[in-house]
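What follows is a short report on a single structure.
Chain naming here is simple, since letters A, B, ... match the order of the sequence lines and numbering starts at 1 in each.
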Amino acid sequence: MAHEDQPEQHYNDAANVTNPEHASHHIVSPAQYAVVFATLLACTALTVFAADINLGVFNPIIALAIASFKGVIVILFFMHVKYQSKLIKVTVGAGFFMFLVLVTMTLSDYISRAWGLW
Amino acid sequence: MDSAIATTQAEHGIAEQQHEHVSVPQHRHHFATPEQQREAGSFGMWLFLLTEIMFFGGLFFAYLLFRNWYYDAFVTASNQLSVPLGAANTAILITSGFFMALAVWAAEVRKQTLLVLFLILTTLLGFAFLGIKADEYHEKYEKHHIPGASFDTSQFINPAAYGLSEKPLAPDAAQKTQLFFFLYFAMTGMHALHMVLGLGILFWLMIRAQRGDFSSGYVAPIENFGLYWHFVDIVWIFLFPLLYLINRHPLAH
């Protein structure tokens with residue numbers, strides 16, 4: 001029972017109409033969305049700015065780190081995963097994990113076949 | 001209950017004693033509760049999005065591999081893209097996603113007028129994105145940078161003659177720029193196709209929202225479309241740095 005921390009009145013709250021049976025349906029407020037939106041725009045400016053500086057091998061690493069951060073906050077807040085059940089959280093996590101496994105396996109195959117040429 | 005899908009009959013009985021049943025019109029009889037129905041819907045949408053991750057993932061992997069194999073050609077070709085246009089499109093798409101998120105909120109708090117307004121803003125920004133994309137494609141068409149029979153490598157073999165500061169490529173290496181542009185068009189083209197389909201669905205959602213379908217507690221179509229639209233956003237969040245940004249400072253060999 002994950003929702004024991006929810007106030008009891010939610011169960012009978014007729015105003016919680018969007019999902020009358022469920023206490024945990026979390027409505028993300030416009031203010032929260034605005035903070036996420038501002039963060040995304042700031043990160044976009046940051047990544048453009050960072051691309052102008054010569055950081056050698058770190059240019060792609062920083063660009064991907066910023067993109068990953070942006071992706072994660074979109075998933076957590078715009079896509080509500082932070083407020084979803086464990087089933088959904090594990091499903092999303094498993095999908096990205098599986099993708100990374102596939103990339104790693106395929107890349108190690110390519111690298112080991114052309115050994116020394118990379 | 002962590003997962004309404006895994007709820008047993010016995011648990012269910014207890015849950016029913018704890019709170020009153022409120023019947024909602026969208027509730028289908030094969031779901032025990034509207035919550036179970038809602039979670040099954042989100043779960044199904046996420047499974048679809050995971051197949052989309054694998055689909056775009058293959059293209060991202062191809063880009064990773066070929067950028068390593070034909071590094072110089074990818075650097076030169078990548079630097080032909082316009083960073084200001086790419087950055088503007090990123091901001092436009094993020095703003096569109098923000099309005100989509102607000103549309104979900106408007107449906108949840110049953111504000112019909114705001115819901116329709118936010119869906120319209122989401123759609124307009126989607127079209128703005130595609131407009132800029134079309135302009136970029138047109139520039140590539142004019143420069144013969146679309147892979148195929150009329151592809152022209154002369155800019156990459158003799159960049160100085162075109163006022164470019166890129167390092168000149170040998171003719172065989174210059175041919176590999178086609179591979180960059182092939183992936184550029186494949187990735188941004190598939191992304192744009194997803195947006196075109198999304199915009200079509202948005203019109204349908206707008207009509208239904210205007211009818212009041214989603215402002216009386218039935219949020220699932222808006223919410224699940226929101227998941228799709230944000231997913232398309234995320235694909236672009238990765239496409240922008242990979243295609244436009246990471247080749248500005250090529251490594252010396």
Side-chain angles (χ1 to χ4, degrees), chain A residues 1-3 11-12 14 17-25 27-30 33-34 36-37 40-41 44-45 47-48 50-57 59-60 63-64 66-68 70-71 74-75 77-80 84-88 91-92 94-96 98-99 102-103 106-107 110 118, chain B residues 1-6 15 18-22 24 33-35 38-39 42-43 46-47 49-50 53-54 57 60-61 64-65 68 83 87 90-91 94-95 97-98 100-102 104-105 107-110 216-217 219 223 226-227 230-231 233-234 237-238 240-242 244-246 248-249 251:
Chain A
M1 294 281 176
H3 308 316
Y11 285 99
N12 297 315
V17 282
T18 301
N19 207 332
E21 301 236 358
H22 197 56
S24 75
H25 180 68
I27 296 178
V28 183
S29 69
Y33 283 138
V36 174
F37 174 55
L40 288 171
L41 286 182
T44 304
T47 195
V48 172
D52 264 343
I53 307 166
N54 191 350
L55 301 164
V57 289
N59 274 114
L64 278 175
I66 295 172
S68 302
K70 287 164 80 180
V74 168
I75 289 169
F77 298 100
F78 279 4
M79 299 172 96
H80 304 155
Q84 295 281 17
S85 65
K86 280 180 186 155
L87 172 72
I88 305 276
T91 305
V92 176
F96 282 97
M98 188 64 198
F99 171 63
L102 290 175
V103 168
T106 318
L107 203 55
Y110 274 105
W118 284 54
Chain B
M1 278 164 279
D2 266 335
S3 156
I5 290 169
Q18 282 173 346
H19 64 281
E20 245 176 276
H21 255 282
V22 183
V24 285
T33 63
E35 173 49 32
R38 185 193 187 107
E39 192 181 27
S42 298
F43 182 60
W46 270 107
L47 289 185
L49 293 182
L50 295 191
I53 291 171
M54 298 304 160
F60 278 107
F61 181 82
L64 171 69
L65 186 76
N68 273 285
V83 173
T90 308
I94 288 171
T95 312
F98 172 59
M100 189 62 228
L102 288 178
V104 174
W105 169 80
E108 282 169 332
V109 297
R110 302 181 171 204
S216 52
V219 180
E223 198 176 30
L227 290 179
H230 296 310
F231 170 80
D233 253 17
I234 292 172
I237 282 173
F238 281 93
F240 172 55
L242 290 176
Y244 290 74
L245 295 180
I246 61 172
R248 299 278 138 183
H249 300 286
L251 297 171

For this session: Check the pair A/M79 / B/I234 against side chain to side chain contact (heavy atoms under 4.5 Å, CB included), numbers first and verdict last.
Result: CA-CA 11 Å; A/M79 299 172 96; B/I234 292 172; 3.8 Å; yes
For this session: Begin from the C-alpha positions of A/K70 and B/I94 and carry the test side chain to side chain contact (heavy atoms under 4.5 Å, CB included) through to its verdict.
Result: CA-CA 10 Å; A/K70 287 164 80 180; B/I94 288 171; 4.1 Å; yes
Problem set entry | Test side chain to side chain contact (heavy atoms under 4.5 Å, CB included) applied to B/L242 and A/L64, step by step | CA-CA 8 Å; B/L242 290 176; A/L64 278 175; 3.8 Å; yes
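Between B/F98 and A/F37, the two ring planes are parallel [angle under 30°; tilted spans 30° to 60°].
Distance alone, capped at 3.5 Å, is enough to place a donor-acceptor pair between the B/H249 side chain and the A/A51 backbone.
In terms of heavy-atom pairs under 4.5 angstrom with chain A, the leader among B/V104, B/L47, B/T95, B/L49 is B/T95. Chain B forms more heavy-atom pairs under 4.5 Å with one residue of A/S29, A/A50, A/S68 than with any other, namely A/S68.
When every heavy atom of B/I246 is checked against every heavy atom of A/A63, the shortest pair comes out as CG2-CB, 3.6 Å. Shown here for B/A101 and A/F78, the closest heavy-atom pair between the two residues is CB-CD1, 3.9 Å. In plain terms, the two heavy atoms of B/A87 and A/T44 that are nearest each other are O-CG2, 4.4 Å.
Taking the side chain to side chain contact (heavy atoms under 4.5 Å, CB included) definition, one finds that A/L55 meets it with A/I53, A/F58, A/N59, A/I62, sequence neighbours left out. Residues satisfying the side chain to side chain contact (heavy atoms under 4.5 Å, CB included) test with A/D52, not counting sequence neighbours, are none.
B/W46 CH2 to A/L87 CG: the interatomic distance, rounded to the nearest 0.5 Å, is 12.5 Å. Note that the CD1 atom of B/I237 and the CG atom of A/L40 stand 5.5 Å from one another [nearest 0.5 Å]. Between atom CZ of residue A/F96 and atom CD1 of residue B/I53 there is a gap of 3.5 Å, rounded to the nearest 0.5 Å. For the atom pair CE (B/M100) and OH (A/Y33), the distance works out to 9.5 Å, reported to the nearest 0.5 Å.
Side-chain atoms of B/N68 and A/Y110, non-hydrogen and from C-beta on, never get closer than 4.5 Å to each other. Looking only at side-chain heavy atoms (C-beta outward), B/F61 and A/L107 come within less than 4.5 Å of each other. B/W105 has its side chain out of reach of A/V28: every pair of non-hydrogen atoms, C-beta onward, lies at least 4.5 Å apart. With a 4.5 Å cut-off on side-chain heavy atoms, B/E39 and A/Q84 do not count as touching. A heavy-atom distance below 4.5 Å is found between the side chains of B/F240 and A/V48. Counting only heavy atoms from C-beta outward, the side chains of A/L102 and B/M54 approach each other to under 4.5 Å.
Of the atoms belonging to A/V103, heavy atoms from both backbone and side chain fall under 4.5 Å from chain B. For chain B, no part of A/V36 is nearby; none of its heavy atoms comes within less than 4.5 Å.
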